[in-house]
Colleague: 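Sharing a structure, written as structure tokens. Questions coming.
Since the model is a prediction, treat every value here as computed from it, not as a measurement. First listed ligand is number 1; within each ligand, the first listed atom is number 1.
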Amino acid sequence: MQIIEIYKSLQGESSYAGLPCVFVRLAGCNLRCTWCDSEYTFTGGKRMTPEEIETEVHRLSPDGGLVEITGGEPLLQEREVVPLMDSLLAAGYTVLLETSGERPLERVPSGVVKIVDVKCPDSGEGDTFRVENLNSLTPRDEVKFVIASRCDYEFARDFIHAHALGSRVSSVILSPAFRKDASGSRDVSHCLVDPQQLAEWMLADSLQARLGLQIHKFIWEPSLKGV
Ligand code: SF4
């Protein structure tokens with residue numbers, strides 16, 4: 001498999017935010033989101049076997065816990081990442097998979113928590129979610145929308161209602177987009193939508209969704225990688 005990095009940090013997003021987690025970051029992505037902060041994953045990385053990856057995960061977190069498979073788009077390496085996820089589950093880890101939902105999800109092992117980042121219009125990749133993937137979502141999964149504008153908010157709100165997301169998954173999360181070149185101060189000035197504004201839109205619509213902040217951007221210097 002082509003791997004960019006494996007490291008331990010705190011989970012920064014989703015309902016697992018704040019918990020220790022080992023991140024396995026795979027190389028390659030077929031999308032080009034305008035605010036992407038992971039462009040360094042698009043090329044390169046080093047080849048590792050699933051066994052080598054599992055050994056490194058075990059070294060970083062020998063007593064189990066959370067492992068997130070992320071990227072890039074991890075499902076571009078589906079043939080190898082599916083057995084890896086099976087193996088991590090069998091070893092007792094809670095496995096999270098971060099994906100855009102552009103690739104088919106039906107072969108993802110049922111024990112994996114899928115965190116599906118449905119792209120909104122301002123990402124430049126707005127029509128990429130594969131609608132058939134709705135049938136692969138389970139009550140353990142989460143759906144996230146990264147919001148850069150009022151237009152993105154309305155897209156997310158309407159998508160949540162149109163597909164009854166609240167009854168399909170455990171969490172629906174709206175998260176302000178972060179400026180991809182953010183550096184220096186660890187505060188909301190780097191958000192493309194002020195979290196207070198987003199909260200007010202959600203409250204005005206009584207939206208049954210969670211406001212999410214990428215807490216790693218507030219804990220560590222925002223341009224830092226591997227945290
Ligand atoms: S899907 Fe993720 S890694 Fe790929 S371009 Fe979008 S934000 Fe970046």
Colleague: Could Glu39 and Arg32 be called an ion pair, given the rule that one side-chain N must be under 4.0 Å from one carboxylate O?
Modeller: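 Result for this pair is no, no salt bridge flagged.
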Colleague: Heavy-atom distance under 4.5 Å between the side chains of Phe178 and Asp37, does that happen here?
Modeller: no
Colleague: Report yes or no: does Arg103 contribute a side-chain atom to a donor-acceptor pair with the main-chain N or O of Ser100 at less than 3.5 Å?
Modeller: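 No, Arg103 side chain to Ser100 backbone: no donor-acceptor pair under 3.5 Å.
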Colleague: For residues 18-27, tabulate all N or O donor-acceptor pairs below 3.5 Å that involve a side-chain atom, not counting sequence neighbours.
Modeller:
residue : atom : partner : partner atom : Å
Arg25   : NE   : Glu5    : OE2          : 2.8
Arg25   : NE   : Tyr40   : OH           : 3.2
Arg25   : NH1  : Gly71   : O            : 2.7
Arg25   : NH2  : Tyr7    : OH           : 3.0

Colleague: Tell me the closest heavy-atom pair linking Phe129 and Asn133, and the distance in Å.
Modeller: CZ-CB, 3.9 Å
Colleague: Counting non-hydrogen protein atoms only, what is the nearest one to atom 3 (S) of ligand 1? Give residue, atom name and distance.
Modeller: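 The closest one turns out to be Gly72 N, 3.6 Å.
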Colleague: Ligand 1 versus Phe42, non-hydrogen atoms closer than 4.0 Å: side chain, backbone, both, neither?
Modeller: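 For Phe42, the contact with ligand 1 is made by the side chain alone.
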Colleague: Quick check: Phe145 with Tyr153 (ring centres under 6.0 Å apart)?
Modeller: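 No: the rings miss the under 6.0 Å criterion.
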Colleague: Within a distance under 4.0 Å of any heavy atom of Trp35, pick out the atoms of ligand 1 and give their elements.
Modeller: 7 (S)
Colleague: So which protein N/O/S atoms does atom 6 (Fe) of ligand 1 have within less than 2.8 Å?
Modeller: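 Protein N/O/S atoms under 2.8 Å of atom 6 (Fe) of ligand 1: Cys33 SG.
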Colleague: Charged N to carboxylate O under 4.0 angstrom, Asp152 versus Arg150?
Modeller: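 No.
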